[in-house]
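Chain letters run A, B, ... following the sequence lines, proteins first and then strands; every chain starts at 1. Here the structure is a predicted model, which is why all the values come from computation and not from measurement.
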2 protein chains.
Amino acid sequence: MKDVAAEAGVDTSLVSRLLNADQTLSVRPETEERVMAAVRRLAYRPNTAARTLKTARTMALGMVIPDLSNVIYAEIARGAGDRAAAAGYVLLISGAAAEVRTEILEDRVDGLLYAVATAQSVPDLDVPGAPPAILINRRGPASSPSVVVDDRAGVALATRYLLSLEHRRIAHVAGPQDVDTARRRRRGYVDAMTAAGLDVPAELTVESTFDEEGGAASTAALLRVTPRPTAIVAANSNAAVGAMAAVREAGLSVPQDVSVVGLHDIPHASYLNPALTTVRMPLAEMGGRAVDLLLGMIAGDPGGAVMVTTPPELIVRASCGPPAGR
Amino acid sequence: MKDVAAEAGVDTSLVSRLLNADQTLSVRPETEERVMAAVRRLAYRPNTAARTLKTARTMALGMVIPDLSNVIYAEIARGAGDRAAAAGYVLLISGAAAEVRTEILEDRVDGLLYAVATAQSVPDLDVPGAPPAILINRRGPASSPSVVVDDRAGVALATRYLLSLEHRRIAHVAGPQDVDTARRRRRGYVDAMTAAGLDVPAELTVESTFDEEGGAASTAALLRVTPRPTAIVAANSNAAVGAMAAVREAGLSVPQDVSVVGLHDIPHASYLNPALTTVRMPLAEMGGRAVDLLLGMIAGDPGGAVMVTTPPELIVRASCGPPAGR
DNA sequence: CTGTTAGCGCTTTCAA
DNA sequence: TTGAAAGCGCTAACAG
């Protein structure tokens, strides 16, 4: 910047105010032109570290995604990244779970988004000295800041669809019940069943992890129940993929013997065999809203627990049909 | 740091050298103890921006992944992140393709990893003033720094497996041929075919994108060729998923009518119907090697074009069988 | 064994 | 309309 100032024959402070579009400044147009020309000629780019040191703002937001291989985070990150960019921030993603790395991240961002879906320990938000942080797709203790989608409505929608197909023995491959997201999904299942006047026998809900392996294992267990369930609502689509595999493994077929629905419309869904019926959730929007909330907190707002209520959307494909014998 | 120094009754420079484990320093144990106690009591954490400003090193590495929804990048990033952490660096991932954001990233890292698999324009490496950068899973012009795996060997392995099953009319769903990775994969197919003394008719290779949709479209075209191919080697596993869908769409089945192999052992592979036979590539290792190379360049090394030669591994599942009529 | 000092590149208040 | 000056928090060369 010193070079630019010298080249333009002005003081560095003028260059700085020009570059930051300082409103309270009035410059002679020719001076401004001279400075801008120097900036271009020298290909000047401000030093982020110096700016950060001076202003105490990094203009970056961090997002922690322990499970980068789960594609739904790609969509959440896309929504978050776009919103951050619109506000002049960069979104920096860290794939690490390790608390150490999170601490290192903290020093480089003005705020933190935690996308931790599994039962992993919830990070301590509101650590003194650390930047504001919020949970994405998960709620924390009390009213700690968070943004979630309406999981309950999503799973209820899936379940109602199965009910409309005349299924009555509908099972639920539930997510880990120590995670609120999984609990809300389960509640959506129970809601829809009871609203239809049906019992919700305990043996038709099996808790599992959020992955294919968990979905397969719980489904295998479910298929041993008598009378056998005719349909399965999986807590997410990876588990649904596992569920379909388990149905085949048992010598049965989807959807003739067992129908399967998954939550989250993953890219593979329409290419599976059979194509997986899913419920699409507003994931990108959740990412965007999370950034809004975080930006508000950086500005001094208290935060809060947000739910994105954009209605889930049923994507009907081939993995569901009427129950056998109908 | 000033507070810590005051609390311990020493100078800040001593605190700094203690915290950075300065070897040339000898301290009285009791003094060190006093400083460390102060650090703990005040929960002191150094200011990254100030340190960066002073040392001109961020101790961060950036990784640009335009397509975060492609799970293979999760594995590459894991390998890169672990290696970076071992060297005392944080890996910061950006999901953005936009050049603007890349520029912003440049200011925050000591080096950049570009994981751009598709035909998107190759970023300018070696921009004056910008930190060193290398390409991952892709080669650039001339001998610009890059790290790739042995795609040619991977696809050749897949093709040889099909040959060992007695297939002769083996088709290739190729990736975009303006991407070197896709070209090398294609060469692997041609290698294996010619090594077996077979012709490689042009109509049995169809160029497509690296996703499910592309795989499905090219396979549909391939199935219209007469005589129809009995097996397909897909340039990656997402395309293979699309290929299997297209085979079914044509009223045929995998592997009875058409066998399918995919490159990259994605998590879904073993849960597909049928389970997808794949070739596992050393992706995490590629990420790690990329970090090694980049770290070397940061230290002043010239860089170079690296290929990870760890042998690809065939994962046999259910999507391949002998050709019909055998 | 420990302290002094200068300065990294920028922003911002105040003065001219 | 522009410049001077202080200082953000740290490191490193040098002095004591």
Side-chain angles (χ1 to χ4, degrees), chain A residues 1-39 42-60 88 90 103-104 106-110 129-131, chain B residues 1-39 42-60 88 90 103-104 106-110 129-131:
Chain A
M1 195 160 110
K2 213 163 22 178
D3 295 346
V4 172
E7 174 98 4
V10 298
D11 186 80
T12 58
S13 65
L14 228 197
V15 177
S16 171
R17 282 170 288 179
L18 236 25
L19 255 27
N20 292 307
D22 183 341
Q23 294 306 330
T24 74
L25 179 71
S26 59
V27 216
R28 201 171 306 167
E30 62 191 73
T31 309
E32 170 161 12
E33 188 40 57
R34 221 167 353 113
V35 171
M36 289 318 191
V39 165
L42 300 180
Y44 169 74
R45 284 186 20 215
N47 178 306
T48 306
R51 178 175 284 175
T52 296
L53 178 59
K54 183 66 191 176
T55 62
R57 322 184 82 234
T58 63
M59 296 309 281
V90 223
E103 270 203 1
I104 295 178
E106 274 175 356
D107 296 339
R108 300 168 191 269
V109 299
D110 295 331
Chain B
M1 196 162 109
K2 213 161 25 177
D3 295 346
V4 172
E7 174 96 6
V10 298
D11 185 81
T12 59
S13 66
L14 228 198
V15 177
S16 171
R17 281 170 290 177
L18 236 24
L19 255 28
N20 292 305
D22 184 342
Q23 295 305 331
T24 73
L25 179 70
S26 61
V27 217
R28 199 172 308 168
E30 63 190 74
T31 309
E32 170 161 12
E33 188 40 58
R34 220 165 354 113
V35 171
M36 289 318 190
V39 164
L42 300 179
Y44 169 76
R45 285 185 19 214
N47 178 307
T48 306
R51 177 175 286 174
T52 297
L53 178 59
K54 181 67 191 177
T55 62
R57 322 183 80 232
T58 62
M59 297 309 282
V90 221
E103 272 204 2
I104 295 178
E106 274 175 357
D107 296 339
R108 300 169 189 271
V109 298
D110 295 332

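If you take CG of B:L18 and C1' of D:dA12, they are 15 Å apart, rounded to a whole angstrom. Look at CG on B:L25: it is 12 Å from C1' on D:dA12, rounded to the nearest Å.
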- Which letters describe nucleotides 8-16 of chain C, given B = protein heavy atom under 4.0 Å from base, S = only from sugar-phosphate, - = neither? BBBBB----

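From B:T12, atom OG1 reaches atom CG of B:L18 across 12.0 Å, with rounding to the nearest 0.5 Å. To the nearest 0.5 Å, atom CG of residue B:N47 and atom NZ of residue B:K54 are 14.0 Å apart.
Without hydrogens or angle criteria, A:D22 side chain to A:T24 main chain gives a donor-acceptor distance under 3.5 Å.
Of the residues A:M36, A:M1, A:E7, the one that meets the side chain to side chain contact (heavy atoms under 4.5 Å, CB included) test with A:V15 is A:M1.
The shortest distance between side-chain heavy atoms of A:V90 and B:R108 falls below 4.5 Å.
Residue B:T31 is in sugar-phosphate contact alone, with no base atom involved, counting any heavy-atom pair closer than 4.0 Å across all strands shown.
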